[in-house]
Amino acid sequence: MKRAAIVDAARKNFLTHGYAGAGMAEIAHDADVSTATLYKHFASKEALFVAVVKQVARSAGDYSGLFAPNDTVRDILYKACRTYLAAQFEQDANALMRIVMAEVPGAPQLARETYAELGTRRIDSFKAVVDQMIARGMLRPHDSAFSARIGSGILKEIFVWPALFDKEIGLPPDTDEKIHRCIDCFMAIFGSED
């Protein structure tokens, strides 16, 4: 219970003040715990930030449950795209990535751990979905690790990169149209020939 309160308070603090501006004493105060209790759970500010990233990654990196009995491959890919974009724009992934990018020169391990949690976890989870679609004949057999990265890259290029460099940018009004165009590209490369 205390650990969850600390992570929640830290998330708000990091998002408000950035990594460098976040203070452990303020986080402890906001979590209604002592500084000693905070350090009992997290040895450093970096460990606490990684816990925040893991919290976001747990909710953001799960593509299980995308299959409904009558879904087409396009239905599944659309749900995967929406899940990805929700993580980026609604669950603070963009904001956390901006913070990490600012800290890379002084905290390269923090950047590596963030990438492992936010990037690798989502790619692995999406790869599992692609593997299921291949097994069901919905996509042609191919290197699913590669296609998971391609799919993620398409979304990043269209939606995420602009928002990382301008925090005022959100999802555009034509998001669905753009998602369907991204799916068209993915299907042109990996779609089943049936």
Side-chain angles (χ1 to χ4, degrees), residues 1-65 80-128 148-149 151-173 175:
M1 189 81 146
K2 287 182 183 178
R3 183 180 176 88
I6 293 168
V7 173
D8 287 342
R11 182 174 177 165
K12 290 174 188 157
N13 199 284
F14 285 126
L15 291 172
T16 301
H17 303 292
Y19 183 80
M24 297 294 269
E26 184 178 344
I27 292 168
H29 177 268
D30 292 347
D32 198 27
V33 298
S34 69
T35 305
T37 298
L38 184 147
Y39 279 107
K40 189 167 125 182
H41 289 277
F42 300 99
S44 66
K45 182 162 59 167
E46 183 172 323
L48 182 52
F49 187 81
V50 170
V52 168
V53 170
K54 285 181 179 181
Q55 179 191 56
V56 171
R58 269 193 301 277
S59 61
D62 184 9
Y63 296 102
S64 63
C81 290
R82 275 298 183 179
T83 299
Y84 185 96
L85 294 175
Q88 290 301 130
F89 289 88
E90 298 166 21
Q91 298 171 13
D92 302 324
N94 281 346
L96 291 172
M97 288 170 66
R98 275 189 220 98
I99 292 167
V100 171
M101 287 170 23
E103 298 299 325
V104 168
Q109 183 59 31
L110 177 66
R112 284 190 287 277
E113 289 184 48
T114 301
Y115 178 75
E117 290 299 326
L118 277 176
T120 304
R121 183 186 299 243
R122 284 196 291 187
I123 294 295
D124 291 346
S125 182
F126 184 56
K127 178 191 175 300
R149 289 195 176 278
S152 175
I154 292 169
L155 292 177
K156 283 185 186 116
E157 191 62 36
I158 302 298
F159 299 103
V160 176
W161 282 111
L164 285 181
F165 293 98
D166 184 347
K167 67 181 180 179
E168 301 304 316
I169 292 178
L171 292 173
T175 294

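Hydrogens, waters and symmetry mates play no part in the numbers below; they use all other heavy atoms, side chains included. For clarity, every value in this text was computed on a predicted model and none was experimentally measured.
- The distance from the CG atom of Asn94 to the NZ atom of Lys167 is 12.5 Å, given to the nearest 0.5 Å.
- Between the CZ atom of Arg3 and the CG atom of Leu38 there is a distance of 10.5 Å, given to the nearest 0.5 Å.
- No more than 12 heavy-atom neighbours from other residues, nucleotides or ligands sit within 6.0 angstrom of NE2 on His29.
- Looking at Arg82 and Leu171, their side chains come closer than 4.5 Å, going by heavy atoms from C-beta outward.
- The shortest side-chain heavy-atom distance between Phe89 and Phe159 falls under the 4.5 Å cut-off.
- Rounding to the nearest 0.5 angstrom, the gap separating the CZ atom in Arg98 from the CE atom in Met101 is 8.0 Å.
- Residues Tyr63 and Lys127 have side chains not in contact (no heavy-atom distance under 4.5 Å, counting atoms from C-beta outward).
- Atom NZ of Lys12 sits in a sparse spot, with 12 or fewer heavy atoms from other residues, nucleotides or ligands closer than 6.0 Å.
- The two residues Ile123 and Ser152 make their nearest non-hydrogen contact at CD1-CB, 3.6 Å.
- Residue Leu48 holds its CG atom at 5.0 Å from CE of Met24, rounded to the nearest 0.5 Å.
- The structure places OG1 of Thr120 at 6.0 Å from CZ of Arg149, a figure rounded to the nearest 0.5 Å.
- Side-chain contact check for Glu113 versus Glu46: some heavy-atom pair is nearer than 4.5 Å.
- Applying the salt bridge (charged side-chain N to carboxylate O under 4.0 Å, His left out) definition to pairs two or more places apart or across chains, none involves residues 13-32.
- Lys45 contributes atom NZ, which lies 7.5 Å from atom CD1 of Ile27 (distance to the nearest 0.5 angstrom).
- When side chains are defined from C-beta on, Gln88 counts as touching Met97, because their heavy atoms get closer than 4.5 Å.
- Within the 4.5 Å cutoff, side-chain heavy atoms of Phe49 are placed close to those of Leu96.
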